[in-house]
Number of protein chains: 2
Amino acid sequence: MTEIEKTLENHQVRPTAMRILIYKYLAEKKIAVALTDIEYAFAKAERTTLYRTLKTFEEKKIVHQIDDGTGISKYALCESGCNCEIEQDLHLHFHCNNCNETVCLTEHKIPQIKVPDGFVSENVNLVVKGICDKCSGQ
Amino acid sequence: MTEIEKTLENHQVRPTAMRILIYKYLAEKKIAVALTDIEYAFAKAERTTLYRTLKTFEEKKIVHQIDDGTGISKYALCESGCNCEIEQDLHLHFHCNNCNETVCLTEHKIPQIKVPDGFVSENVNLVVKGICDKCSGQ
DNA sequence: TCAATAAATGCACTTCTGTTGCACTATTAA
DNA sequence: TTAATAGTGCAACAGAAGTGCATTTATTGA
């Protein structure tokens with residue numbers, strides 16, 4: 001049994017061929033990917049299957065969904081630096097206005113945000129937009 | 001000439017009847033509104049007109065677009081507390097998971113966010129989700 | 001003032017993302 | 001081996017966003 005299969009089973013997800021492939025794909029891409037991206041990569045697979053696989057992964061805390069402000073949901077593997085399972089996903093995301101890619105800055109935690117009296121904060125989403133390291137030319 | 005007409009002209013937007021109405025509507029609602037909301041409010045008007053009016057307003061810095069994570073673009077008037085015109089729109093937004101409304105917390109500025117070397121930050125979007133003052137029952 | 005021009009609006013589509021229902025297939029457990 | 005369950009594929013739909021074009025309204029300049 002491979003590493004990936006173990007990981008999936010640890011999250012109560014049956015390691016089907018499709019799921020292993022999708023997991024691999026997510027692991028290879030360092031960036032957050034949209035459903036459409038996976039669709040292109042797996043031209044043979046059904047969009048519905050990919051869609052539901054992502055939903056399953058999300059539910060089982062294998063990936064986290066990212067809203068980077070483009071209006072398209074993206075997903076990225078929860079890795080060592082990501083503690084989605086225990087606490088809120090509090091790292092920030094960076095969206096590059098040039099290459100249009102979104103990356104998790106797992107080591108950059110979101111600072112404490114104060115809200116006015118009467119407001120109860122349950123979750124924080126922070127997306128920084130700009131130029132990523134690859135595009136800034138260094 | 002009314003106050004609203006002046007405001008529109010100050011932003012190089014011709015104050016047509018439709019635009020004045022939409023501006024009024026936005027001013028009355030304290031919360032960020034989606035295109036659909038306006039559509040309901042102005043059942044007689046065409047969606048395209050509303051859509052393009054919002055785009056015009058956005059371009060001319062009369063409103064700012066808000067991505068609150070619901071996947072639906074919302075818009076709110078840039079008011080005194082909002083300095084979209086001069087600098088980045090750095091106030092945060094609060095989305096209530098109960099009533100589903102999104103408000104600008106104009107007085108709450110986004111703290112300085114550090115990004116790794118090579119990344120250039122141009123803009124920051126911060127959305128706090130939780131329960132708003134009206135729904136938290138106080 | 002009135003025609004020429006430009007801006008705004010209305011209507012009909014299209015596209016894209018996300019989502020669901022249902023049938024079929026593969027897998028698991030009794 | 002068979003019944004139950006989980007996963008996959010196909011088809012279709014919903015909602016938001018966006019575009020092209022014709023028509024109306026407003027502005028400008030002769």
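Note that the structure is predicted; figures quoted are calculated from it, not measured.
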(message) With a cut-off of less than 4.0 Å, is there a side-chain N or O of S73(A) near OP1 or OP2 of dG18(C)?
(response) yes
(message) Using the ring centroid of each side chain, check whether H91(A) and H93(A) are separated by less than 6.0 Å.
(response) yes
(request) Could you tell me the separation between the CZ atom of F57(B) and the P atom of dA8(C), rounded to a whole number of Å? (result) 11 Å
(request) Round to the nearest Å and state the distance from I72(A) atom CD1 to dA17(D) atom P. (result) 12 Å
(request) Could you check whether T56(A) gets within reach of a base, just the sugar-phosphate, or nothing at all, counting any heavy atom under 4.0 Å? (result) nothing
(message) Could you tell me how far apart E39(A) (CD) and dC10(D) (C1') are, to the nearest whole angstrom?
(response) 14 Å
(message) Nearest whole Å is fine: how far is dA16(D) P from D67(B) CG?
(response) 15 Å
(message) Just the rounded figure in Å: distance from P of dA8(C) to CG of L50(B).
(response) 15 Å
(request) Could you check which of dA26(D), dT9(C), dT20(C) has an atom nearest any side-chain atom of R14(B)? (result) dA26(D)
(request) Kindly indicate whether the side chain of T7(A), heavy atoms from C-beta on, has any atom under 4.5 Å from the side chain of Y23(A). (result) yes
(request) Take atom CD of Q65(A) and atom P of dT19(C), then tell me their distance rounded to the nearest Å. (result) 8 Å
(message) Do L126(A) and N125(B) make a side-chain contact, defined as non-hydrogen atoms from C-beta onward lying under 4.5 Å apart?
(response) no
(request) Compare the minimum distances between each of dA12(C), dT8(D), dA17(D) and the side chain of T16(A), then state the nucleotide with the smallest one. (result) dT8(D)
(message) Checking contacts here: which listed nucleotide (dG18(D), dT8(D), dT9(C)) is nearest the side-chain heavy atoms of R52(B)?
(response) dT9(C)
(request) For I38(A) and dG18(C), give me the distance from atom CD1 to atom P, rounded to whole Å. (result) 11 Å
(request) Determine, stepwise, if the pair R14(A) / E9(A) fulfils salt bridge (Lys or Arg N to Asp or Glu O under 4.0 Å). (result) CA-CA 6 Å; R14(A) 290 223 301 241; E9(A) 294 213 329; over 6 Å; no
(message) Please report the distance, rounded to the nearest Å, between CD1 in I20(A) and P in dT27(C).
(response) 12 Å
(message) Nearest to the side chain of T36(A), heavy atoms from C-beta on, is which of dT19(C), dT17(C), dC11(C)?
(response) dT17(C)
(message) Just so I know, are the side chains of F94(A) and H108(A) near enough to count as touching, which here means a heavy-atom distance under 4.5 Å?
(response) no
(message) Is there a side-chain contact between Y51(A) and the phosphate of dT19(C), meaning an N or O under 4.0 Å from OP1 or OP2?
(response) yes
(message) So, OP1 or OP2 of dG9(D): does either fall under 4.0 Å of a side-chain N or O from T49(A)?
(response) yes
(message) From the set dG18(D), dA16(D), dG18(C), return the single nucleotide nearest to any side-chain atom of R47(A).
(response) dG18(C)
(request) Look at the side chain of M18(A) and decide which nucleotide, out of dA12(C), dA17(D), dT8(D), has an atom nearest to it. (result) dT8(D)
(request) Please work out if K44(A) contacts a base, only the sugar-phosphate, or nothing of the nucleic acid, heavy-atom cut-off 4.0 Å. (result) nothing
(message) Under 4.0 Å, heavy atoms only, any strand: does K55(B) hit a base, just the sugar-phosphate, or nothing?
(response) sugar-phosphate
